[in-house]
Every structure is written in C-alpha cells, then in structure tokens.
Protein chains: 2
Amino acid sequence: MAGTDRTKQDTVAAANSGPAVILVAPQLGENVGTAARAMLNFGLTDLRLVKARDGWPNAWAEKASSGALEEGVRVRLFDRTEDAIADLERVYATTARDRDLIKPVMTPQTAIAESRGLEASGARVGVLFGGERSGLNNDDVSLAHAILTVPVNPRFASINLAQAVLLVGYEYFRQTQEAEPLIPAATEEDLAPGDELIGFYEHLERELDSHGFLYPPEKRPAMVRNIRAIFQRAGLTLQEVRTLRGIVASLVRTSNGRKPL
Amino acid sequence: MAGTDRTKQDTVAAANSGPAVILVAPQLGENVGTAARAMLNFGLTDLRLVKARDGWPNAWAEKASSGALEEGVRVRLFDRTEDAIADLERVYATTARDRDLIKPVMTPQTAIAESRGLEASGARVGVLFGGERSGLNNDDVSLAHAILTVPVNPRFASINLAQAVLLVGYEYFRQTQEAEPLIPAATEEDLAPGDELIGFYEHLERELDSHGFLYPPEKRPAMVRNIRAIFQRAGLTLQEVRTLRGIVASLVRTSNGRKPL
C-alpha cells in the first residue's frame, strides 16, 4: 500500500510537466534534437525514443537541440512502443492520414484540453509521433486512445516532426497560461490623472480656437469631442501628456528665423 | 464611388487570407523559404521582404520552401519597413525583448483574435518578424500598434524565425476553424492605412524639427519613437489622421491678427 501511494505521488508530481513526447522510429538524430528543443521551449521534458535509427546518444541530436538535451529534457530508450507507453493512462497518436481504425480524431487544442483534465486528476499522458518518412504505422496508432491531427491547409500540408512537436508544446503552454492577463500598455501608476488630461485638452483647444481651427461655433462641441477621443483612447501617461503639451507649445511658437505666413 | 466600392471589395477579399507576414532584414534565403512553407501550411500567402540580405529571387529559399513559393505564397520586396506596411491598418511586431516603448503586449492568441475582428470589417493586418540575428530594431517596432510575444519557457526560449511564423499561422488557422471573431473596438470605422499614419508622423516631425522641438539630435530618434507610439496606440481612423494633420497645419500658422511671439 505504501508503494502504491508513492507511485501515485510521483505520478502527480510528473504531471506538472505536461505530456510525454514519444518518437517512434525517428531517423535523423538532428530531428530528434530539434524536437527536444521544441519541447523545452514549452516546458516539456519527458522524451521517449522507440528504435531510434541513428542510435543514442547522438552527437547530431545534441547539436541540434541547442542545449535542450543538457538543460532539462530527459531521454529514455525503448525497443517497443508498448513499453514506451506502459506508464501512461492516455495516449494520442499524431497522424494526418485517414485510418480505418475507429478512434476519435482531435485537434491539438482538444487533445491538450482533455489531457490537462486527466493530468489534474493524476493521470499520465503521452503523444506518439512517427518517423520522418512514413509516420506511425497502424500498430502504433492502435495503441493510442485517440488520433491527434494538426489542422493544416489541405492543399499544402508539410509539417515536419519538430514542427508537430512544437505545435503540441505550444498548445500545452498556451492552455496552461491561459488565465495570464494581457500586459497593459501602461501601469496604473504611470497613467496621467484626469486633471492632467483635461489641462492638456484645454491647452490644445485654446490654441486651436485662437488659430481658427474649431470653427464654425456650432460644430465646435463635436470637434472637441472627436479630438479628445483620440487621446483618451491612447491611455496617456503623465510623461506623454507633458510631451504633447510641449509639442503644442512648440508648434505655436515661431521657429528660429522662420517667417510667419 | 465605383472605385471606392471596388477597393473595399478587394480589401475584404484579401482579408480572407489572414495577416501579411513581413520579414525585416532576413539573412539566410533558406530561412525565408521555411517561413514561406510555414505560412502556406496555414493558408497565409502574403509575404513581404524588407532588405533581404541574400537577394531575391533566391535558390535556397525556393528549395527550402518545399514548393510553397511556387504554389501560393506571393512575395513582394521593399526597401523600407514603412513601405512594406503602407497598406496595412494594423501591424504587430514580434519580439521577446523588453522595450521601453509603451505598447500593448499580446500573445499570438490575442493578437490573432483581434486581427480577425479587424479583418472582418475590411481592415488589412500584418505581422513584422525581425532577422535571425538581432530581431526587429526599435524603429521597426515603433511602427507597430502592438507587440506580439510567443509565450515560452523563460529558461529556454529558442524559437527561430520559421517557428515564430508557424505559430502565428497556426493560431490564425486554429481560430479561423473555431469560432466567431472578436468584435473589434473600432467598429465599422475605417482604420487609417500605414502610409497615411506615416505621412502624418513625417508632417508632424518636420514641423517639430523646424521649431527646434526634436533637439538635441542624439535624442531625436527616441523622441520620435515615443511620439509615434502615442498615436499608434490610439488605432487612428483615416478621418482622425486628417484631423490631426489639420491641427498641426493650423497650429503652425499664425492666427488671425495674432502677433507671433
């Protein structure tokens, strides 16, 4: 019983790192490296290789990973896909081809949303990717619970292995961070208070009146509203209000040696 | 009137193809090719190159594009970023670095949601990507309305050019296949195209130069960027740009019977 509890705990801890990436029969070491790099860009660290053609460890992979294989991605080797997914409760198979197999077909978005729910309850999830030339075979696909298909232009679909991994990683990271707030253009403390804004508007409008721009009088109120709306929308900081007042003061001054019209 | 209608129709038709991708000072032709390939995977076809180092057309780009440059991606060349965005009403700058410029920072998800809303009302949208080595410079970023930052693992961020394009394309395709666009804040009013905005900026800066406001010279570039940022953020309509130009012209003119200082 104690053993079971510990396994459960380990699983929950591992769940925070997102889905495992399982490359089945990858060919070029370089492509394994770029896949590892794509993983770590989005915080994925569990990489499993099934029958890597060029062997492991692999110098090309390490070079292409830009340090990802040293800095966080953990690699494990397996002879069979069955062994690589043995500890996973849910497996998705990435493939674009139509299959006779009757399985749900999901976008990365849906698959990741589902897997995040599963991970939250302590399940382990993985995504199978096939080799560069022919992708996953039917036996591999049959081990998956669902098919994951990246939606692409049907007339030009040329996603490579690292790109497919990148998009799955992006979906994971995007959904994990979804509650992230938009960074406002300016923080609350920087923004100009209302009286400073109105001081600028009145300064500008005084000058525009004296230059005959806000004319005729019956149109003046609408013109003033439209001009103020431009600057309101920009969400000005105090510094910017000062800059704008400086601009107005500068423009109405006759320039050095310049003759007024 | 017929001319106006046709322009509007063309714009709406073009809007269906998603954001333009603008590569500023890309270095390797191969990377332009993989970016084009990533675009077409998600149905994006409007590629613009500003000062491509290796020239155009480029055999490496064609090879790396896997046919995308022959099968649908249209390439146009520009000498300046200003010219490349001249017809765009909304521009996003992809950058991960902190900037002093005060602009909203958005995820691809939010930027694409916003841009789809704008496109639905006939506006044209583009995304700026910097060169491989150093990304966009501050002058390029200052031409954008907002910053687009891909959320990545802060301890391992190594997205390359084609991957950044891929993720923006994926977001576009994902959202296109998913749901209704967000309703844009600027409703049905026509946003000003980039060349109109730049025309206003240059007009204002000319007058500020002649009035000695953009002084000393070493501070001029930062002052110009900060002033442009105010107006970029406001998301100006064409009518508002005309109003602002009228304001500048009015202020520099000596008022009726008023003595210059």
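So you know, we letter chains A, B, ... as the sequences are listed, proteins then strands, and number each from 1.
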Participant: Checking B:Leu244 against chain A: side chain, backbone, both or neither under 4.5 Å from a heavy atom?
Facilitator: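 Side chain only.
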Participant: Given that the side chain runs from C-beta out, which part of B:Ala68 has a heavy atom under 4.5 Å from chain A: side chain, backbone, both or neither?
Facilitator: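 Both backbone and side chain.
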Participant: Determine whether A:Ile247 and B:Leu204 make a side-chain contact, defined as any pair of heavy atoms from C-beta on separated by less than 4.5 Å.
Facilitator: yes
Participant: Among B:Pro108, B:Gly72, B:Ala234, which residue has the highest count of heavy-atom pairs closer than 4.5 Å to chain A?
Facilitator: B:Ala234
Participant: Looking only at heavy atoms, which two atoms of A:His211 and B:Leu251 are closest? And how far apart?
Facilitator: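 Nearest pair, atom of A:His211 first, then B:Leu251: NE2-O, 3.2 Å.
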Participant: So, for A:Phe213 and B:Ser250, which heavy atoms are closest and what is the spacing to 0.1 Å?
Facilitator: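 Of all heavy-atom pairs spanning A:Phe213 and B:Ser250, the closest is CB-OG, 3.4 Å.
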Participant: Counting only non-hydrogen atoms closer than 4.5 Å, does B:Leu44 touch chain A with its backbone (N, CA, C, O), its side chain (CB onward), both, or neither?
Facilitator: neither
Participant: Is it the side chain or the backbone of B:Gln163 that comes within 4.5 Å of chain A heavy atoms, both, or neither?
Facilitator: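 B:Gln163 touches chain A through backbone and side-chain heavy atoms alike.
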Participant: Indicate the atoms forming the closest heavy-atom contact of B:Glu171 with A:Tyr170, along with that distance.
Facilitator: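 Looking at all heavy atoms of both residues, the closest pair is OE2-OH, 2.7 Å.
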Participant: Considering all heavy atoms of both residues, which atom of A:Arg37 and which atom of B:Ser158 are nearest to each other, and what is their separation?
Facilitator: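 Closest pair (atom of A:Arg37, atom of B:Ser158, distance): NH2-O, 2.5 Å.
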Participant: To the nearest 0.5 Å, tell me how far A:Met39 CE sits from B:Asn153 CG.
Facilitator: 11.5 Å
Participant: Quick one: CG on B:Leu167 to CZ on A:Phe42, what's the gap to the nearest 0.5 Å?
Facilitator: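 Spacing of CG (B:Leu167) from CZ (A:Phe42) equals 5.0 Å.
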Participant: To the nearest 0.5 Å, what is the distance between OG1 on A:Thr107 and CD on B:Gln177?
Facilitator: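 Those atoms lie 9.0 Å apart.
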Participant: Working to the nearest 0.5 Å, report the span between CG of A:Asn160 and OG1 of B:Thr34.
Facilitator: 9.5 Å
Participant: Going from CD1 on A:Ile227 to OG1 on B:Thr243, what distance comes out if it is rounded to the nearest 0.5 angstrom?
Facilitator: 6.5 Å
